[in-house]
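This report concerns only the one structure given below.
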Amino acid sequence: MKKIFFALMMGLAICACTPEAYDDTAIKEQIDNLDDRLTKVEEDLATLELNVAAMKTLAEALKTGKYIESVVALEDGTGYTITFSDETTIVIKNGEKGDKGETGDQGDKGDTGAAGVDGKTPTVAVKEVDGVLYWFINGEQGPAVYEEAPVFTSVDGNLYVTYPGGEPQFVGALTGVSIFKSVVVNEEEGTVTFTFVGENGEAGDSFDLPLAEKFALEIAESIGLAKDQTSVEIPYTVKGANATTTVDVLAVACEAVVEAEVIKVSNIAAGAQMLVFADNGEGKTSIRKVVFAAESYSVEAVDYVIPGDGGQVVVKGVSNVPFEVVIPAEAAWLTQVVTKSAFELTFAAEKNEGEERSAKVDFVRKGTEEVLMTVTITQPGVAKSLFTRVWGYYSVPESNWFDGVADNLKGSWYGGDTNLAMDDEYIYIPFGTGTPGIYKINIKTQEISTLPVDGISGGTYPTSCVRIVKNTDSSVNNGKDVLLVGNLALANEPLNFYAYVNGIDNAPVKVYSLNSARRFGDKFSVSGTWQSGIIWLRSNQDSPLEAVIPINNGALQTWIDPYRITNEDDECISEISWYPVSDNTKQDYCLMSTTSDIGVHLMKGCSVAGAATEEAVFPELAKTFGYKFFEFGGKKFIAWTSLKYGNSKPRLQVIEGDGSTMESLKDALTNYSERLVAEFALSNADNDFDFAGNPAAKTLCDCDVRVTEDAVYIAALGENCGLSLIKLTLE
């Protein structure tokens with residue numbers, strides 16, 4: 001038995017109001033409103049009772065194998081009339097359209113009532129347990145659906161349920177009913193799919209019931225004849241036939257004999273035609289007219305292409321000549337999956353991992369080898385993702401990366417390589433020490449140098465994190481993106497930001513300073529642009545707090561405090577990645593990474609003001625940072641760096657996954673091991689030694705992505721362990 005779950009969600013509404021005047025008009029309005037509410041309650045209760053009865057009938061049909069004769073939508077659009085093969089009829093309703101009213105003025109908070117104090121949404125559900133369907137009210141199991149249905153009553157707008165032989169039990173506030181999300185008839189599959197409303201009004205679980213096959217005679221309505229042809233055999237089928245079904249023919253200007261699944265026609269003269277009758281002996285008749293004409297056949301002159309990832313293509317045409325479809329033996333990758341009598345043929349193919357392929361499909365006169373028509377169906381090959389390491393520098397003595405670099409610059413690397421940023425030319429890595437500094441590494445030549453840091457000061461680490469901010473104004477930084485630098489500030493230290501708005505060869509400009517009395521700046525994230533964006537920072541010192549700093553035309557605005565994300569993690573070093581960046585004042589969800597072993601947190605309800613709640617935790621992705629979402633070659637990817645203590649090396653990981661919605665992101669991260677398309681170690685030393693040969697301390701890691709027209713570049717590093725540049729191309 002297919003599992004089904006049918007959830008009936010009813011919102012709780014509490015209204016407390018204090019009238020300002022007690023004149024006749026106000027009293028009359030209150031009475032009218034009360035009458036309206038009572039009427040609505042009565043309607044909701046009646047709808048619930050109707051749907052409960054319908055659910056019992058549907059369950060019985062699922063159990064006994066009854067099929068559905070017809071599904072007819074109600075005229076008001078609130079439901080459907082379902083007729084079964086035994087002529088049983090039910091009505092299911094999905095509630096009134098547009099029954100959500102306008103939001104009224106908020107009144108004074110009233111006293112908490114005795115009912116519904118737990119604040120849970122009342123639910124009426126049907127679930128399968130050990131092959132038997134049971135009622136579930138607010139999560140508690142009731143009797144089997146096939147037994148007597150529960151009885152619902154309403155008192156003062158509250159809903160009560162009574163099981164057979166039991167006492168009324170409070171369920172919740174009856175404020176509207178919406179059970180069925182959709183009913184879909186699929187004639188090709190011969191099924192009717194019932195989908196129920198799930199949480200938050202989304203589509204919930206579903207189940208199928210068989211659709212009765214319609215009684216219908218299928219025969220070509222035009223028969224093509226070659227010159228001087230006076231006889232032909234015409235095949236036919238009767239859908240939904242039974243043992244008493246008969247087929248007869250009335251012929252004009254010809255003679256016809258009906259045999260099993262074929263009509264033999266002879267002595268065909270000019271103007272010949274036939275009426276063919278199919279009768280099931282139970283009152284149903286299907287009639288088709290057949291005319292005889294000169295041969296005519298053609299196929300649409302279009303390109304027939306199946307997508308490289310797999311799919312279908314439909315070939316359409318006209319023909320009054322019976323034909324057969326011939327797919328060449330060498331084109332085993334191509335199959336014919338659907339044939340319609342009106343010359344509409346569907347061909348399918350699985351994903352093509354190789355080169356482009358094609359097949360010539362012939363339409364051959366039935367019973368002969370004469371080719372009437374030919375179409376060519378092609379399928380391009382799917383471009384393979386090819387990841388290669390362009391270059392890498394690791395924590396082993398043979399690395400010559402620092403040759404020619406002053407010793408004090410070498411020393412600043414240790415403990416400092418925790419963040420990076422990348423534009424089209426350079427990778428930028430800040431000094432993670434008390435000395436201000438930013439490395440600049442040329443992507444093509446790997447030449448290393450430093451940026452001017454005149455004017456940068458303050459904080460425990462003056463240059464703790466760097467980010468590239470997209471710039472859309474050609475008058476700013478010569479139209480190039482802006483490098484933004486922030487410091488690590490502990491309690492009572494200034495949180496400073498500097499921007500290279502005059503080019504990376506000139507000193508940066510201080511654009512922000514704030515004494516926050518908290519630890520900020522180990523990592524920060526940026527959404528939006530230099531013209532309209534937001535800086536996101538996180539601190540867990542003295543409870544979680546997120547600092548939100550808007551950017552308006554290059555000017556950093558006063559931070560928005562507080563903004564809180566609720567979770568159990570007490571790590572002070574963490575990073576927030578925000579997706580999607582559809583609105584710079586509101587984010588739908590975010591990922592939160594920390595240095596703890598708890599895992600990466602997926603939060604929902606993220607916005608500039610308010611508190612987010614935890615949607616999911618992925619413990620296997622603990623200590624992962626720098627989540628980047630990008631698209632290339634028609635595919636979507638997610639990249640991040642992973643850092644583990646012990647024997648695990650820091651590494652870059654890339655999966656195929658869609659982060660455009662919270663649900664798709666949750667699915668991608670849940671199944672990330674199956675979606676993994678690339679993984680690169682960021683150290684090649686077994687014991688993870690640093691460049692000085694000492695055991696490498698590892699706290700953070702990071703990556704950045706740059707998408708060009710013909711490739712994607714990913715820069716990734718692990719603290720004290722090395723830097724790599726990865727390139728993605730398509731084969």
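In this text the structure is predicted, and so the values were computed from the model without any measurement.
Between the E674 side chain and the N671 main chain, no donor and acceptor come within less than 3.5 Å of each other. Judged by distance alone, the side chain of D704 and the main-chain N or O of M422 form a donor-acceptor pair under 3.5 Å. With Q653 contributing its side chain and S642 its backbone, the two residues share no donor-acceptor pair below 3.5 Å. Checked by atom type and distance alone, the side chain of D522 never pairs as donor or acceptor with a backbone atom of R538 at under 3.5 Å. No donor-acceptor pair closer than 3.5 Å links the side chain of E425 to the backbone N or O of I443. The backbone N or O of F431 sits less than 3.5 Å from a side-chain atom of T463, completing a donor-acceptor pair. With Y500 contributing its side chain and P452 its backbone, the two residues share a donor-acceptor pair below 3.5 Å. Remark: side-chain polar atoms of D667 are not paired, donor with acceptor, to backbone N or O of T670 under 3.5 angstrom. In this structure a side-chain-to-backbone donor-acceptor pair under 3.5 Å is missing from D309 to K351. Under a 3.5 Å cut-off, the side chain of N419 and the backbone N or O of S464 do form a donor-acceptor pair.
Residues N496 and S513 share a closest heavy-atom pair of OD1-OG, 2.8 Å. Between D481 and N477, the closest heavy-atom pair is O-ND2, 2.9 Å. Smallest separation of non-hydrogen atoms from Y461 and G434: CD2-N, 3.9 Å. Taking all atoms of both residues into account, the shortest heavy-atom contact from E620 to Y672 is CG-CE2, 3.5 Å. In plain terms, the two heavy atoms of Q379 and A349 that are nearest each other are OE1-CB, 3.7 Å. Residue L665 comes nearest to G659 through the heavy atom pair CB-CA, 4.2 Å, listed as atom of the first residue, atom of the second, then distance.
Taking the ring centroids of Y498 and Y512, they lie at or beyond the 6.0 Å cut-off.
The structure places OG of S660 at 9.5 Å from CD of E631, a figure rounded to the nearest 0.5 Å. The line from CG of N442 to CD1 of I448 is 11.5 Å long, rounded to the nearest 0.5 Å. L717 CG to L652 CG: the interatomic distance, rounded to the nearest 0.5 Å, is 10.5 Å. Rounded to the nearest 0.5 angstrom, L556 CG and T558 OG1 are separated by 10.0 Å.
Contact check on E615 versus K666 returns a salt bridge, with a Lys/Arg side-chain nitrogen under 4.0 Å from an Asp/Glu carboxylate oxygen. A salt bridge links D424 with R706: the closest approach of a Lys/Arg side-chain nitrogen to an acidic carboxylate oxygen falls below 4.0 angstrom. Electrostatic pairing of K623 and D597 counts as a salt bridge here, judged by a charged N lying under 4.0 Å from a carboxylate O.
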Test side-chain contact (heavy atoms from CB on, under 4.5 Å) applied to F680 and S724, step by step: CA-CA 9 Å; F680 293 88; S724 291; 5.9 Å; no
Audit row: V509, N502, side-chain contact (heavy atoms from CB on, under 4.5 Å) steps and yes/no: CA-CA 8 Å; V509 175; N502 298 313; 3.9 Å; yes
Salt bridge (Lys or Arg N to Asp or Glu O under 4.0 Å) between R675 and D658, worked out: CA-CA 11 Å; R675 298 168 177 261; D658 180 8; over 6 Å; no
Intermediate values then yes/no, side-chain hydrogen bond (donor to acceptor under 3.5 Å, both in side chains), T661 and S664: CA-CA 5 Å; T661 68; S664 62; 2.9 Å; yes
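Using a 30° and 60° split on the angle between ring planes, F520 and W559 fall in the perpendicular class, above 60°.
Heavy atoms of other residues, nucleotides or ligands lying less than 6.0 angstrom from NZ of K480 number 12 at most. The neighbour count for E350 CD, taken as heavy atoms of other residues, nucleotides or ligands under 6.0 Å away, does not exceed 12.
At a threshold of 4.5 Å between non-hydrogen side-chain atoms, the residues I726 and V390 do not count as touching. Put simply, the side chain of I306 does not reach to within 4.5 Å of the side chain of T378, judged on heavy atoms.
Judged by the 6.0 Å and 45° rule, K727 forms no cation-pi pair with Y713.
When the options P462, P508, P430, P436 are evaluated for a side-chain contact (heavy atoms from CB on, under 4.5 Å) with V453, the one that passes is P436.
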